[in-house]
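Input: a single structure, listed below in structure tokens.
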Amino acid sequence: MEAIVLAAGYSSRANTFKMTLPLGEMSILEHTLSKFEGLCSRVIVVVGFQAELIQEEMAKISSKNAFSFQIKFVHNEDFNHGMFSSIQKGCNEVTEPSFFITPGDCPLVKKETVHLISEHKGNVVIPSFHYKGGHPIKLSSEVKQKILETNPESNLRAVLGGFEKMYINVDDPGVIMDVDTLEDYQKALDYYKG
């Protein structure tokens with residue numbers, strides 16, 4: 001399998017570049033990447049805004065942590081068009097029949113949850129905590145094709161609306177915890193330490 005990690009956005013609500021914020025021994029981005037260890041042959045990191053910061057962060061990560069998967073950087077020059085343009089950029093690179101997609105700021109998902117999602121068949125597999133869908137989601141090559149054929153002005157929700165979704169209930173609040181604001185970051189730190 002492969003995974004697309006979206007790390008191209010502005011981090012505008014966090015007032016700081018959130019992907020490189022520390023969470024314990026690792027950065028937020030490193031936590032997010034580490035969840036695909038042992039499952040994915042390749043992780044595609046889509047960068048845009050402050051791409052050089054992500055590359056510096058990745059150099060730091062590589063120097064201390066040898067992941068078993070290959071990491072491929074894809075630069076989305078149109079990142080200001082929104083997340084869907086980054087999703088399309090990432091999908092252009094996917095070669096495996098199924099793949100994960102997650103924002104880079106979802107560091108608290110349990111590895112077991114990602115393994116559980118990987119075992120389920122279906123075009124769209126979504127982890128759900130207390131009936132609220134979260135990340136990472138697993139998609140099929142059929143969905144990938146549809147994403148690539150869709151107008152870049154659209155969004156992922158519109159594309160997924162055309163497919164049957166399988167929700168997997170998980171005991172993992174991490175699937176719905178992303179770090180959009182400094183308040184979210186504080187919650188993430190508390191949860192991580194807890």
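Note that the structure is predicted; figures quoted are calculated from it, not measured.
- Applying the ring-ring contact (aromatic ring centres under 6.0 Å, His included) definition to pairs two or more places apart or across chains, those involving residues 161-194 are His31-Tyr192.
- A distance-only check finds no donor-acceptor pair linking the side chain of Ser27 to the backbone of Leu23 [under 3.5 Å].
- Between Ser98 and Leu139, the closest side-chain pair of non-hydrogen atoms is not below 4.5 Å.
- The side-chain heavy atoms of Ser41 and Glu96, taken from C-beta on, include a pair separated by under 4.5 Å.
- Look at Lys18 and Asp180 and you find a salt bridge, because one of the NZ, NE, NH1 or NH2 atoms lies within 4.0 Å of a carboxylate O, short of that distance.
- Ser85 contributes a side-chain N or O that, together with a main-chain N or O of Asp78, makes up a donor-acceptor pair within less than 3.5 Å.
- Taken to the nearest 0.5 Å, the CD atom of Glu37 stands 3.5 Å off from the OG atom of Ser68.
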Open item on the list: Does Ile61 form a side-chain contact (heavy atoms from CB on, under 4.5 Å) with Phe67? I'd like the steps, not just the answer.
Closed with: CA-CA 9 Å; Ile61 291 170; Phe67 286 128; 3.6 Å; yes
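- At a threshold of 4.5 Å between non-hydrogen side-chain atoms, the residues Ile4 and Val46 count as touching.
- Residue Phe129 is not grouped with residue Ile126 when hydrophobic side chains (ILVMFWY) are merged at heavy-atom distances under 4.5 angstrom, including chains of intermediate members.
- Under the salt bridge (charged side-chain N to carboxylate O under 4.0 Å, His left out) criterion, no residue pair touches residues 126-143, with sequence neighbours excluded.
- With sequence neighbours left out, Gln186 forms a side-chain hydrogen bond (donor to acceptor under 3.5 Å, both in side chains) with Asp190.
- Taking the side chain to side chain contact (heavy atoms under 4.5 Å, CB included) definition, one finds that Asn169 meets it with Ser128, Tyr131, sequence neighbours left out.
- Hydrophobic cluster membership differs between Val143 and Met166, with clusters built from Ile, Leu, Val, Met, Phe, Trp and Tyr side chains linked at under 4.5 angstrom.
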Task: Asp105 vs Thr32, side-chain contact (heavy atoms from CB on, under 4.5 Å): CA-CA, chis, key distance, verdict - done: CA-CA 7 Å; Asp105 64 352; Thr32 302; over 6 Å; no
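- The neighbour count for Glu183 CD, taken as heavy atoms of other residues, nucleotides or ligands under 6.0 Å away, does not exceed 12.
- Each salt bridge (charged side-chain N to carboxylate O under 4.0 Å, His left out) pair with one or both residues in residues 42-59, not counting sequence neighbours, appears once here: Glu2-Arg42, Glu57-Lys60.
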With a 3.5 Å cut-off and sequence neighbours excluded, list the donor-acceptor pairs that the side chains of residues 146-159 form with protein atoms.
from: Thr150; atom 1: OG1; to: Lys146; atom 2: O; distance (Å): 2.6
from: Asn151; atom 1: OD1; to: Glu153; atom 2: N; distance (Å): 2.7
from: Asn155; atom 1: OD1; to: Arg157; atom 2: N; distance (Å): 3.1
from: Asn155; atom 1: OD1; to: Ala158; atom 2: N; distance (Å): 2.7

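- Proximity of a side-chain donor or acceptor of Ser141 to a complementary backbone N or O of Lys144 within less than 3.5 Å is not detected.
- Annotation: side chain to side chain contact (heavy atoms under 4.5 Å, CB included) contacts of Met83 (sequence neighbours excluded): Leu6, Ile87.
- In this view, Phe36 and Phe100 satisfy the ring-ring contact (aromatic ring centres under 6.0 Å, His included) rule, not counting sequence neighbours.
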Sequence neighbours left out, cut at 3.5 Å: what donor-acceptor pairs do the side chains of residues 106-123 make with other protein atoms?
from: Lys110; atom 1: NZ; to: Asp171; atom 2: O; distance (Å): 2.9
from: Thr113; atom 1: OG1; to: Asp172; atom 2: OD2; distance (Å): 2.6
from: Ser118; atom 1: OG; to: His115; atom 2: O; distance (Å): 2.5
from: Asn123; atom 1: OD1; to: Ser140; atom 2: OG; distance (Å): 2.5

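- Rounded to the nearest 0.5 angstrom, Phe69 CZ and Ile71 CD1 are separated by 5.0 Å.
- Atom CD in Glu30 sits 14.0 Å away from atom CE in Met19 (nearest 0.5 Å).
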Open item on the list: Would Ile137 and Val125 count as a side-chain contact (heavy atoms from CB on, under 4.5 Å) here? Give the steps.
Closed with: CA-CA 6 Å; Ile137 60 174; Val125 183; over 6 Å; no
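- A pairwise comparison of heavy atoms in Gly48 and His75 identifies O-NE2, 3.6 Å as the closest pair.
- Looking at residues two or more places apart in sequence or on another chain, you find a salt bridge (Lys or Arg N to Asp or Glu O under 4.0 Å) between Lys89 and Glu77.
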Task: Test log, rule side-chain contact (heavy atoms from CB on, under 4.5 Å), inputs Phe73 and Ile54 - done: CA-CA 10 Å; Phe73 280 104; Ile54 297 268; 3.8 Å; yes
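- Considering only residues two or more places apart in sequence or on other chains, Phe84 meets the ring-ring contact (aromatic ring centres under 6.0 Å, His included) condition with none of them.
- When the side chains of ILVMFWY residues are joined at heavy-atom separations under 4.5 Å, either directly or via intervening members, Val5 and Val74 end up in two distinct hydrophobic clusters.
- Closest of all the heavy-atom pairs between Pro127 and Val175 is CB-CG1, 3.8 Å.
- Annotation: side chain of Ile176 is not in contact with side chain of His130 (no heavy-atom distance under 4.5 Å).
- Within the 3.5 Å criterion, the main-chain N or O of Val45 finds no donor-acceptor partner in the side chain of Lys72.
- In this structure, CG on Leu160 lies 6.0 Å from NZ on Lys165, to the nearest 0.5 angstrom.
- Judged as a side-chain hydrogen bond (donor to acceptor under 3.5 Å, both in side chains), and not counting sequence neighbours, Asn92 has no contacts.
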